Engineer: 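This is the structure, below, for whatever I ask next.
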Amino acid sequence: MKIAFVGKGGSGKTTLSSLLIRHLASTEAPVVAVDADINQHLGAALGLDEDEAAAVPSMGAHLSLIKQYLRGSNPRISSAATMIKTTPPGEGSRLLRVREDNPVYEACARPLRLDGGVIRLMATGPFTEEDLGVACYHSKVGAVELFLNHLVDGPDEYVVVDMTAGSDSFASGLFTRFDMTFLVAEPTRKAVSVYRQYTEYARDFGVALKVVGNKVQSRDDLEFLRDEVGDDLLVSVGQSEWVRSMERGRPGPFGALEPENREALRVLRDAVDATYAMRDWERYTRQMVHFHLRNAESWGNAKTGADLAAQIDPAFVLGEAVTRLSVEGVRP
């Protein structure tokens, strides 16, 4: 199950994504955690110190490896150099599973023992000196989009992505890649404006969206959010001494998290699990193709010197039933 956390800067989305990751790990569920924010803080929120967080491999730095591996023997892709962030899989492509070992995880993921389980932590990577002044952040998250486009995940495994702040994720098709998007909102007008912008953009793409109220301290705070977002408000989270200790680098055992906040995390997981029955792999594949064609026409064809529309396999639909054959039929 693919989960995104979005919201305005400072809303607490990184903290809440890390708490859900810990909750899932504590049940020994298989989890891949991805830091796709321009400010790379997820590692620290999961308990890494500054040096450990900086040592998490950068997906952007391994983009060539990712493309070469995912290309596989797909005859529609002439070379890895012609793959762009939106390139969809087709017959012969290598696909990724949450539980497997593969060269992409070997290069880009760090195993992290956490609260009774072991997760994989991945990160887009920060801007490098060469990027400053010449590159936009969306060039970095291209590796995440390729990863998700080639991912086959089941109902009992999870990919949690801490997204960039605000509505920046709409600069690509990345926002359509998730089974559930949690928008973290404080009880403020600015937070609600981000919610309205997000829902306006997402409406036409069938994005499943729920609001998580954060920093809710009073009944007035809760009523404000209910008035502004209505039924989209799934659950609210208040102040947490456990989180304050964690942010100071002195977290207690995860089981010591306040009962009401543990219950909120259970509600989040239940909401994610409930979306499995509504999965539409055909729509998911159509959206991949839609954004690939848009990117190909606007910049991809000119950059690669190839007709990227030819990469689309019209007979291929990503999905659990068919991809098992594709995974078994293609060897590294």
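Throughout, numbering of the chain's residues begins at 1 and tracks the sequence. Worth saying up front: this structure is predicted, and the values here are computed from it rather than measured.
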Engineer: In terms of relative ring orientation, are F254 and H23 parallel, tilted or perpendicular, with 30° and 60° separating the classes?
Structural biologist: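 It falls in the tilted class, 30° to 60°.
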Engineer: Please check if the number of heavy atoms outside E260 that lie under 6.0 Å from its CD is greater than 12.
Structural biologist: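 Yes, enclosed.
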Engineer: More than 12 non-hydrogen atoms from neighbouring residues, nucleotides or ligands closer than 6.0 Å to CZ on R244, yes or no?
Structural biologist: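 Counting neighbours around CZ of R244, 12 or fewer heavy atoms of other residues, nucleotides or ligands fall under 6.0 Å, so no.
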Engineer: When you check the gap from the basic side-chain N to the acidic O, do D273 and R266 get nearer than 4.0 Å?
Structural biologist: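 No.
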Engineer: Quick check on side chain to side chain contact (heavy atoms under 4.5 Å, CB included): which of I3, V207, V159, D153 does D179 satisfy it with?
Structural biologist: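 For D179, the side chain to side chain contact (heavy atoms under 4.5 Å, CB included) check succeeds only for D153.
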Engineer: So with a 6.0 Å cut-off around CD of E247, is the heavy-atom count from everything else above 12?
Structural biologist: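 For E247, atom CD is crowded (more than 12 foreign heavy atoms under 6.0 Å).
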Engineer: Between V104 and H62, is there a side-chain heavy-atom distance shorter than 4.5 Å?
Structural biologist: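 Sidechains of V104 and H62: no contact.
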Engineer: Is it the case that over 12 heavy atoms from other parts of the model lie below 6.0 angstrom from the CZ atom of R99?
Structural biologist: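 Yes - once you tally the heavy atoms of other residues, nucleotides and ligands closer than 6.0 Å, there are more than 12.
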Engineer: Please examine the side chains of L151 and V98, heavy atoms only from C-beta on, and report whether any two atoms are closer than 4.5 Å.
Structural biologist: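 Yes. Closest side-chain heavy atoms under 4.5 Å.
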Engineer: Show every donor-acceptor pair shorter than 3.5 Å between a side-chain atom in residues 225-235 and any protein atom, with sequence neighbours excluded, or say none if there are none.
Structural biologist:
residue	atom	partner	partner atom	Å
R226	NH1	E223	OE2	3.1
E228	OE1	R196	NH2	2.3
D232	OD2	Y195	OH	2.6

Engineer: I need the single residue from N39, T15, T14 that forms a side-chain hydrogen bond (donor to acceptor under 3.5 Å, both in side chains) with D162. Which is it?
Structural biologist: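 Testing D162 for a side-chain hydrogen bond (donor to acceptor under 3.5 Å, both in side chains) against N39, T15, T14 leaves exactly one candidate, T14.
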Engineer: I'd like to check P155 versus E320 (side-chain heavy atoms, cut-off strictly below 4.5 Å). Are they in contact?
Structural biologist: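 Side chain of P155 against side chain of E320, heavy atoms only: contact under 4.5 Å found.
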Engineer: Does V211 belong to the same Ile/Leu/Val/Met/Phe/Trp/Tyr cluster as F5, with side-chain heavy atoms less than 4.5 Å apart forming each link?
Structural biologist: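 No; tracing contacts between hydrophobic side chains, which count when under 4.5 Å, never links both residues.
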Engineer: Using the rule that two of Ile, Leu, Val, Met, Phe, Trp, Tyr join whenever any of their side-chain heavy atoms come within less than 4.5 Å, decide whether V6 and F147 are in one cluster.
Structural biologist: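 Linked, V6 and F147 end up in one cluster.
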Engineer: Quick one: does R94's side chain have a donor or acceptor within less than 3.5 Å of a partner on Y69's backbone?
Structural biologist: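 Checking the backbone N and O of Y69 against the side chain of R94, a donor-acceptor pair under 3.5 Å is found.
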Engineer: Going through the distances and angles, do F205 and F175 end up as a ring pair (Phe, Tyr, Trp, His ring centres under 6.0 Å)?
Structural biologist: CA-CA 9 Å; F205 292 93; F175 74 98; 5.2 Å; yes
Engineer: Ignoring hydrogens and angles, state whether a donor on the side chain of R269 or Y158 is under 3.5 Å from an acceptor on the partner side chain.
Structural biologist: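 Yes - a donor-acceptor pair under 3.5 Å links their side chains.
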Engineer: Mark yes or no for whether D35, through its side chain, and T124, through its backbone, hold a donor-acceptor pair below 3.5 Å.
Structural biologist: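 It does not hold such a pair.
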Engineer: Any side-chain to backbone donor/acceptor pair from R71 onto I77? Under 3.5 Å, distance only.
Structural biologist: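 Indeed, once roles are kept as given, a pair shorter than 3.5 Å links the two residues.
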Engineer: Is the count of non-hydrogen atoms from other residues, nucleotides or ligands lying under 6.0 Å from E50 atom CD greater than 12?
Structural biologist: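 No, not enclosed.
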Engineer: Determine, using the 4.5 Å side-chain heavy-atom cutoff (strictly less than), whether M288 and V317 are members of one ILVMFWY cluster.
Structural biologist: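 The answer is yes; both residues are in one hydrophobic cluster.
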Engineer: In a table with atom names and distances, give each donor-acceptor pair under 3.5 Å that connects a side chain of residues 181-191 to protein atoms at least two apart or in another chain.
Structural biologist:
residue	atom	partner	partner atom	Å
E186	OE1	K8	NZ	2.8
E186	OE2	K215	NZ	3.3
T188	OG1	A191	N	3.2

Engineer: Is there a donor-acceptor contact under 3.5 Å from the side chain of D221 to the main chain of Q217?
Structural biologist: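 Yes, the answer is positive, given that a donor and an acceptor are paired below the 3.5 Å cut-off.
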Engineer: May I ask whether L96 and M122 are part of the same hydrophobic cluster, defined by side-chain heavy atoms of I, L, V, M, F, W, Y residues being less than 4.5 angstrom apart, directly or through others?
Structural biologist: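 In one cluster: yes.
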Engineer: Rounded at 0.5 Å granularity, tell me how far CG in L318 sits from CG in D313.
Structural biologist: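 The CG atom of L318 sits 11.5 Å away from the CG atom of D313.
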Engineer: In this structure, would V34 and M163 fall into the same cluster of hydrophobic residues linked by side-chain contacts under 4.5 Å?
Structural biologist: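 V34 and M163: one cluster.
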Engineer: Check the pair Q287 / R177 against side-chain contact (heavy atoms from CB on, under 4.5 Å), numbers first and verdict last.
Structural biologist: CA-CA 9 Å; Q287 289 174 341; R177 302 296 84 199; 3.4 Å; yes
